[in-house]
Amino acid sequence: MNLIMTILIITTTLSLILAAVSFWLPQMSPDAEKLSPYECGFDPLGSARLPFSLRFFLVAILFLLFDLEIALLLPLPWGDQLHNPTETLFWATTVLILLTLGLIYEWTQGGLEWAE
């Protein structure tokens with residue numbers, strides 16, 4: 001019981017200290033870019049008919065695609081407890097090889113270059 005109370009007091013105190021520091025530490029000098037609700041590289045208050053950068057869209061889609069590897073490989077520690085762990089290793093390696101080949105293809109095609 002004493003250990004549980006000590007842990008609760010330490011975690012509560014640490015949380016309160018970190019919350020208090022987070023209110024005092026940041027700089028309070030916002031500018032127009034920080035106050036903007038969008039961070040997409042164009043003026044959100046301008047005309048809605050301006051052309052959208054296809055390069056920005058492509059990089060965003062590639063980020064989502066390669067970010068999905070986390071979702072596919074996240075259950076791997078639980079999959080290691082199967083009867084045949086070599087099968088789990090095979091499928092995890094297959095997913096990683098496929099993603100690596102996709103990254104190499106996008107790199108050679110110039111899809112990851114932001115400026116032309």
Side-chain angles (χ1 to χ4, degrees):
M1 186 70 166
N2 194 12
L3 179 64
I4 294 174
M5 282 304 288
T6 305
I7 291 173
L8 285 176
I9 289 172
I10 289 173
T11 56
T12 305
T13 306
L14 185 62
S15 299
L16 290 174
I17 289 171
L18 289 175
V21 168
S22 72
F23 282 113
W24 290 318
L25 194 60
Q27 299 174 357
M28 295 298 187
S29 59
D31 56 354
E33 285 82 16
K34 288 183 182 178
L35 293 176
S36 174
Y38 304 105
E39 297 179 8
C40 53
F42 58 87
D43 185 21
L45 301 176
S47 173
R49 302 292 179 204
L50 293 175
F52 186 72
S53 171
L54 189 61
R55 176 84 49 194
F56 179 81
F57 181 72
L58 177 65
V59 170
I61 293 296
L62 286 174
F63 172 75
L64 288 175
L65 175 70
F66 289 113
D67 194 43
L68 285 178
E69 74 183 55
I70 295 171
L72 291 173
L73 296 176
L74 195 60
L76 188 60
W78 293 280
D80 282 341
Q81 297 174 6
L82 296 174
H83 297 294
N84 191 2
T86 56
E87 184 178 353
T88 305
L89 180 65
F90 170 74
W91 286 114
T93 306
T94 303
V95 168
L96 285 175
I97 288 173
L98 255 163
L99 287 170
T100 305
L101 289 175
L103 178 64
I104 291 170
Y105 175 76
E106 287 296 328
W107 199 336
T108 57
Q109 294 296 317
L112 299 177
E113 294 175 8
W114 187 257
E116 294 181 25

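Treat the numbers as computed from the prediction; the structure is a model and nothing was measured.
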field: Within one Ile-Leu-Val-Met-Phe-Trp-Tyr cluster: Ile10 and Leu16, side-chain cutoff 4.5 Å
entry: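 Not linked; separate clusters.
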
query: How many angstroms lie between CG in Leu103 and CG in Leu98, if you round to the nearest 0.5 Å?
result: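 Nearest 0.5 Å value for the CG-CG distance: 12.5 Å.
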
message: What's the separation between atom CD1 in Ile104 and atom CG in Leu99, rounded to the nearest 0.5 Å?
response: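 Separation between the atoms: 11.0 Å.
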
query: Taking everything shown except Ile4 itself, do over 12 heavy atoms lie less than 6.0 Å from its CD1?
result: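 Atom CD1 in Ile4 is not packed in, count stays at 12 or less.
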
query: Apart from Leu101 itself, what residues make up its hydrophobic cluster when side-chain heavy atoms of I, L, V, M, F, W and Y under 4.5 Å apart count as a link, directly or indirectly?
result: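 The other cluster members (ILVMFWY side chains, heavy atoms under 4.5 Å, direct or chained) are Ile97.
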
message: I need the minimum non-hydrogen distance between Ile9 and Thr13, along with the two atoms involved.
response: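 Distance-wise, the nearest heavy atoms are O-OG1, 2.7 Å.
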
- request: Return the minimal non-hydrogen interatomic distance between Leu89 and Thr93, and the atom names on each side.
  value: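 Minimum heavy-atom separation between Leu89 and Thr93: O-OG1, 2.6 Å.
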
